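Remember, it's a predicted structure, so these values are computed and weren't measured experimentally. In what follows, every chain begins at residue 1, and chains take the letters A, B, ... in the order their sequences are listed.
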Protein chains: 2
Amino acid sequence: MLTIGKLSEATGVKVPTIRYYEQIALLPEPERSTGNQRLYGKAAQDRLNFIRHARDLGFPLEAIRELLGLSDDPNRSCAAADQIANRQLRAVNARISRLIALRDELQRMLQQCSCGTIADCRVIEVLGNHEHCAHDHHEGAMAELIPPSM
Amino acid sequence: MLTIGKLSEATGVKVPTIRYYEQIALLPEPERSTGNQRLYGKAAQDRLNFIRHARDLGFPLEAIRELLGLSDDPNRSCAAADQIANRQLRAVNARISRLIALRDELQRMLQQCSCGTIADCRVIEVLGNHEHCAHDHHEGAMAELIPPSM
DNA sequence: TCTTGCAGCTATAGTCGCTAGAGGAATTAG
DNA sequence: CTAATTCCTCTAGCGACTATAGCTGCAAGA
């Protein structure tokens with residue numbers, strides 16, 4: 001039986017995140033010790049590994065919930081799971097191609113910057129004027145690619 | 001002079017987003033008409049285009065705030081702007097390589113799925129068991145790549 | 001045994017970058 | 001003049017955490 005800290009270490013999921021997963025019912029409420037501390041067994045560890053892994057692969061929690069629901073009922077067709085993975089693959093491919101266009105533009109911007117004063121800074125200029133753009137990252141649908149953090 | 005709706009149309013930034021930018025002081029408070037409606041001039045439009053463009057390139061608002069601060073002082077060196085853009089480029093590159101690993105994994109997963117019942121579905125298995133992974137998306141720093149939406 | 005200090009507990013609020021809704025006032029089209 | 005649209009402010013919600021406050025529990029050293 002693992003305490004939450006040990007489970008965190010074992011899976012690479014942070015302690016508050018584990019509690020958060022419990023709160024949103026992605027993990028079941030675990031046993032408690034006499035002193036009210038959470039105690040986890042192998043099943044919980046497997047489940048959390050599954051979640052961690054799926055998160056790493058970019059699945060949103062709702063998709064993971066769906067996948068866990070499927071795997072809890074192993075006689076059902078896996079077509080649904082397949083479909084989720086397919087949907088995710090398409091999303092990933094789209095994000096890759098947008099990011100590549102974006103990278104090219106950033107590189108171009110940086111190459112043109114002679115690093116003098118702001119007055120003739122290409123970075124500022126390119127950002128300020130869309131005419132300087134090589135790519136059309138102006139046509140909507142771009143919002144998806146913006147990262148949660150830098 | 002443009003109303004907020006016209007400015008929105010002209011820049012492609014949604015109306016509530018413009019108000020939000022004003023709220024967080026990324027845009028200055030504009031003039032108002034007699035009926036208390038916001039009125040924007042060319043300067044505001046340029047500034048908003050700058051923001052829009054930088055957001056498209058994935059810059060977080062704080063970086064944009066910094067860039068706007070720099071461009072207000074055109075005699076300073078543009079090294080700082082360059083550095084911000086470089087940081088962003090590195091972040092983008094990191095995300096690309098992780099996404100490519102991710103895509104490969106998803107493709108592998110889908111190829112192995114024989115689409116019978118869950119019992120022999122590789123999708124669930126691969127996600128649940130890290131041993132099946134071709135790539136090392138297990139070593140931290142992965143959190144960044146997770147998308148805001150699917 | 002005592003104490004120190006870390007780990008755990010609950011609950012709440014904050015993060016980022018918006019987005020949605022309520023409930024009104026102003027402007028514009030017909 | 002009316003009706004539709006746009007605008008206003010304010011508040012709350014999203015996803016997926018993360019941080020803080022103010023406790024209690026527990027293991028190891030003196």
- Protein-to-nucleotide contact annotation, 5' to 3' order, nucleotides 1-10 of chain C [B base; S sugar-phosphate only; - none; under 4.0 Å, heavy atom]: -------SSB
- Would you mind reading off the distance between Leu7(B) atom CG and dT6(D) atom C1', rounded to a whole angstrom? 14 Å
- Query: Which nucleotide sits closest to the side chain of Tyr20(A): dT18(D), dC18(C), dT27(C)?
  - Reply: dT18(D)
- Message: Rounded to whole Å, please give me the gap between OH in Tyr40(B) and P in dC7(D).
- Response: 10 Å
Which protein N or O atoms sit under 3.5 Å from an N or O of nucleotides 21-24 of chain C?
none

- Quick one: which of dT19(C), dG17(C), dC17(D) gets closest to the side chain of Pro16(B)? dT19(C)
- Nearest-nucleotide pick for Ser33(B), side chain only, options being dT27(C), dA16(D), dC17(D): dT27(C)
- Could you give the NZ-to-P distance, from Lys14(A) to dA16(D), as a whole number of Å? 16 Å
- The reported gap from CD1 in Ile100(A) to CG in Asn93(B) (rounded to nearest 0.5 angstrom) is 9.5 Å
- Note on the structure: To the nearest angstrom, the CD1-P distance between Ile18(A) and dA16(D) comes to 17 Å
- Item | Min side-chain heavy-atom separation Tyr21(B)-Arg55(B) under 4.5 Å | yes
- Could you tell me whether the side chain of Tyr20(B) reaches within less than 4.5 Å of the side chain of Val13(B), counting heavy atoms only? no
- State, with a plain yes or no, whether a side-chain heavy atom of Ile18(A) is found less than 4.5 Å away from one of Glu22(A). no
- Query: Hey, are the side chains of His53(B) and Glu105(A) touching, using non-hydrogen atoms and a 4.5 Å cut-off?
  - Reply: yes
- Query: Would one find a side-chain N or O of Tyr21(A) under 4.0 angstrom from OP1 or OP2 of dC17(D)?
  - Reply: yes
- Should Arg108(A) and Asp104(A) count as an ion pair when the cut-off is N to O under 4.0 Å? no
- Rounded to whole angstrom units, what separation is found between the CG atom of Leu26(B) and the C1' atom of dG17(C)? 11 Å
- Message: Rounding to an integer number of Å, can you tell me how far Met1(A) CE sits from dC26(D) P?
- Response: 16 Å
- Query: In chain order, what residues pass the salt bridge (charged side-chain N to carboxylate O under 4.0 Å, His left out) check against Glu62(A), with sequence neighbours excluded?
  - Reply: Arg65(A)
- Could you state the interatomic distance from CG (Leu48(A)) to CG (Leu2(A)), rounded to the nearest 0.5 Å? 10.5 Å
- Task: State, yes or no, whether a side-chain contact exists between Pro28(A) and Arg47(A) at a heavy-atom distance under 4.5 Å.
- Result: yes
- Task: Quickly work out the Leu27(B) CG to dG17(C) P distance and round it to whole Å.
- Result: 14 Å
- Message: Without decimals, in angstroms, what is the distance between Arg55(A) CZ and dG15(D) P?
- Response: 12 Å
